[in-house]
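Here's the structure we're looking at; comments come further down.
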Amino acid sequence: MIPARFVYRRAGTAEEALSLLAEHGDDAKVIAGGHSLLPLMKLRLSVPEFLVDIGRVPDLSYIRGEDDHIAIGALTRYHDLEHSDLLAEELPLLANASGKVGDPQVRHRGTIGGSIAHGDSASDVPAVVLALDGVLVVSGPSGVREIPSGEFFRGPFETALEPDELLTEIRLPRPASPAWSFQKLTSRAIDWAIVAVVVQGESVALVNMGSTPLRATAVERALADGAAIPDAAAQAAEGTSPFADRNAGPDYRRHLARVLTRRALEEAATRAG
């Protein structure tokens with residue numbers, strides 16, 4: 001449970017971090033809160049030779065309302081998302097989901113940008129961003145580019161981020177509907193989800209039902225066609241490829257996806273009135 005040897009550098013600015021990433025390429029990894037990367041390093045599933053710590057880079061922790069979206073700095077911690085007055089009023093889904101990540105220690109250290117850049121399909125917040133059709137703002141040697149969340153997650157721990165790029169901001173459209181729900185089943189309160197379901201309006205996303213966060217497109221199509229909630233929820237596992245681990249097999253995960261989707265849609269409908 002001890003990581004392999006690595007070189008550690010703390011970046012003072014985003015520009016310094018980008019310079020270090022450009023210098024070390026694929027051998028470097030970015031670390032912020034460390035609650036996603038460090039466990040993999042201890043298990044030697046990730047063995048970076050060079051760590052670039054951006055945890056104290058200024059001006060990357062904020063939550064603010066813009067004209068048509070809410071902008072969140074990549075270093076904003078779960079605790080701040082959970083207790084944000086702005087999110088409580090305008091985006092309660094994200095505040096609620098952030099409050100269910102790990103334990104208080106994790107929520108005080110973990111960052112929204114770290115979770116998204118890590119690309120773990122078991123993480124809660126990436127599925128929330130996916131359901132909201134969020135946009136990821138990335139800085140690199142060629143400048144700034146915006147990546148739709150639907151194009152960002154590409155495979156297990158694989159995203160559209162290039163090795164020399166840095167995720168700096170998450171932009172989330174203000175929801176048009178007050179209907180939302182986040183349903184999560186864990187073996188223990190602090191664990192990763194066995195399965196979780198995110199609903200915002202008629203957008204539905206799934207946690208841990210494949211190699212990336214997924215949109216439940218069959219459910220969304222059924223809702224758009226006027227299907228009743230039970231009939232739409234019954235299609236939650238369509239197009240998914242859940243895996244087996246010590247917590248659950250694929251068939252149980254498919255069952256959970258249907259059950260949790262029904263609960264989420266019912267709760268969202270209640271909130272919508």
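Here the closest heavy-atom approach between residue A222 and residue Q235 is recorded as CB-NE2, 3.6 Å. When all heavy atoms of I54 and A17 are compared, the closest pair comes out as CG2-CB, 3.7 Å. Shown here for V47 and A4, the closest heavy-atom pair between the two residues is CG1-CB, 3.6 Å. In terms of heavy-atom proximity, I170 sits nearest to L172 at CG2-CD2, 3.8 Å. Between T186 and A193, the shortest heavy-atom distance links the atoms CG2-CA, 3.9 Å. Residues V195 and L260 share a closest heavy-atom pair of O-CD1, 3.4 Å.
Side-chain atoms of S98 and R107, non-hydrogen and from C-beta on, never get closer than 4.5 Å to each other. Side chains of L94 and V125 form a contact here, defined as non-hydrogen atoms less than 4.5 Å apart. Within the 4.5 Å cutoff, no side-chain heavy atoms of P175 are placed close to those of W180. Counting heavy atoms from C-beta on, the side chains of L37 and L51 come closer than 4.5 Å. With a 4.5 Å cut-off on side-chain heavy atoms, I194 and N208 do not count as touching.
Side-chain N or O atoms of S181 include none that pairs as donor or acceptor with a backbone N or O of V199 at under 3.5 Å. Side chain of R44 to backbone of I2: a donor-acceptor contact under 3.5 angstrom is found. Remark: side-chain polar atoms of R174 are not paired, donor with acceptor, to backbone N or O of I70 under 3.5 angstrom. Judged purely by atom type and a 3.5 angstrom limit, S84 uses its side chain to pair as donor or acceptor with the backbone of L86. Judged by distance alone, with hydrogens and angles left aside, the side-chain atoms of S211 form no donor-acceptor pair with the main-chain N or O of G155 at under 3.5 Å. A distance-only check finds no donor-acceptor pair linking the side chain of S19 to the backbone of E15 [under 3.5 Å]. Within the 3.5 Å criterion, the main-chain N or O of L161 finds a donor-acceptor partner in the side chain of T159. Between the D120 side chain and the A122 main chain, a donor and an acceptor come within less than 3.5 Å of each other. The closest donor-acceptor contact from the side chain of Q200 to the backbone of S177 lies under 3.5 Å. With R254 contributing its side chain and A237 its backbone, the two residues share no donor-acceptor pair below 3.5 Å.
Interatomic distance, OG1 of T217 versus CD of E238, reported as 7.0 Å (0.5 Å rounding). For the atom pair CG (L40) and NZ (K42), the distance works out to 11.5 Å, reported to the nearest 0.5 Å. Note: N247 CG to R188 CZ = 9.5 Å, rounded to the nearest 0.5 Å. To the nearest 0.5 Å, the span separating CG on L75 from CG on L167 amounts to 9.0 Å. Separation of atoms CG (L60) and OG1 (T168) is listed at 6.5 Å; rounding is to 0.5 Å. In this structure, L265 CG and I229 CD1 are separated by 5.5 Å, a value rounded to the nearest 0.5 Å.
Clustering ILVMFWY residues whenever any of their side-chain heavy atoms sit less than 4.5 angstrom apart, transitively, puts L136 in the very cluster that holds L93. Linking Ile, Leu, Val, Met, Phe, Trp and Tyr residues whenever their side-chain heavy atoms come within less than 4.5 Å leaves V207 and L132 in two separate clusters. If you chain together hydrophobic residues whose side chains sit under 4.5 Å apart, V128 and F152 fall into the same group. Placement of L214 and L256 within a single hydrophobic cluster is found when ILVMFWY residues are connected by side-chain heavy-atom separations under 4.5 Å, directly or transitively. Both F6 and I31 sit in one connected hydrophobic cluster of ILVMFWY residues. Membership requires side-chain heavy atoms under 4.5 Å apart, directly or through other members.
Around the CD atom of Q105, the shell of radius 6.0 Å holds no more than 12 heavy atoms that belong to other residues, nucleotides or ligands. Within 6.0 Å of atom CD in E66, more than 12 heavy atoms from other residues, nucleotides or ligands are found, so the atom counts as buried in its surroundings. K184 NZ: more than 12 foreign heavy atoms inside a 6.0 Å radius.
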Hey, mind stepping through R253 and D245 against salt bridge (charged side-chain N to carboxylate O under 4.0 Å, His left out) and telling me if it holds?
-> CA-CA 11 Å; R253 281 195 160 90; D245 61 14; 3.1 Å; yes
Go through the steps for L206 and T261 under the test side chain to side chain contact (heavy atoms under 4.5 Å, CB included), then give the verdict.
-> CA-CA 9 Å; L206 304 171; T261 298; 4.1 Å; yes
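Every residue meeting the ring-ring contact (aromatic ring centres under 6.0 Å, His included) condition with H118, not counting sequence neighbours, appears here in chain and number order: F157. Contacts of E23 classified as side-chain contact (heavy atoms from CB on, under 4.5 Å), with partners at least two apart in sequence or in another chain: L20. A search for side-chain contact (heavy atoms from CB on, under 4.5 Å) contacts involving A95 returns L87, not counting sequence neighbours.
Other residues sharing the hydrophobic cluster of V259, ordered by chain and number and joined by side-chain separations under 4.5 Å: none, the residue standing alone. The hydrophobic cluster containing Y62, built from Ile/Leu/Val/Met/Phe/Trp/Tyr side-chain heavy atoms closer than 4.5 Å, comprises no other residue.
Residue pairs meeting the ring pair (Phe, Tyr, Trp, His ring centres under 6.0 Å) criterion with at least one member in residues 7-34, sequence neighbours excluded, are H24-F50.
The aromatic rings of H79 and H83 lie tilted to each other, with the angle between the two planes from 30° to 60°.
With no hydrogens or angles considered, a side-chain donor-acceptor pair links S187 and D191 at under 3.5 Å. No hydrogens or angles considered: nothing links the side chains of R77 and S61 as a donor-acceptor pair under 3.5 Å.
Ionic pairing of D133 and R215 is present here: one or more N-O contacts between side-chain nitrogen and carboxylate oxygen are shorter than 4.0 angstrom. The residues R145 and E165 are annotated as salt-bridged, a charged nitrogen and a carboxylate oxygen being separated by less than 4.0 angstrom. With respect to the salt-bridge test (charged N to carboxylate O, under 4.0 angstrom), the residues K100 and D124 do not qualify.
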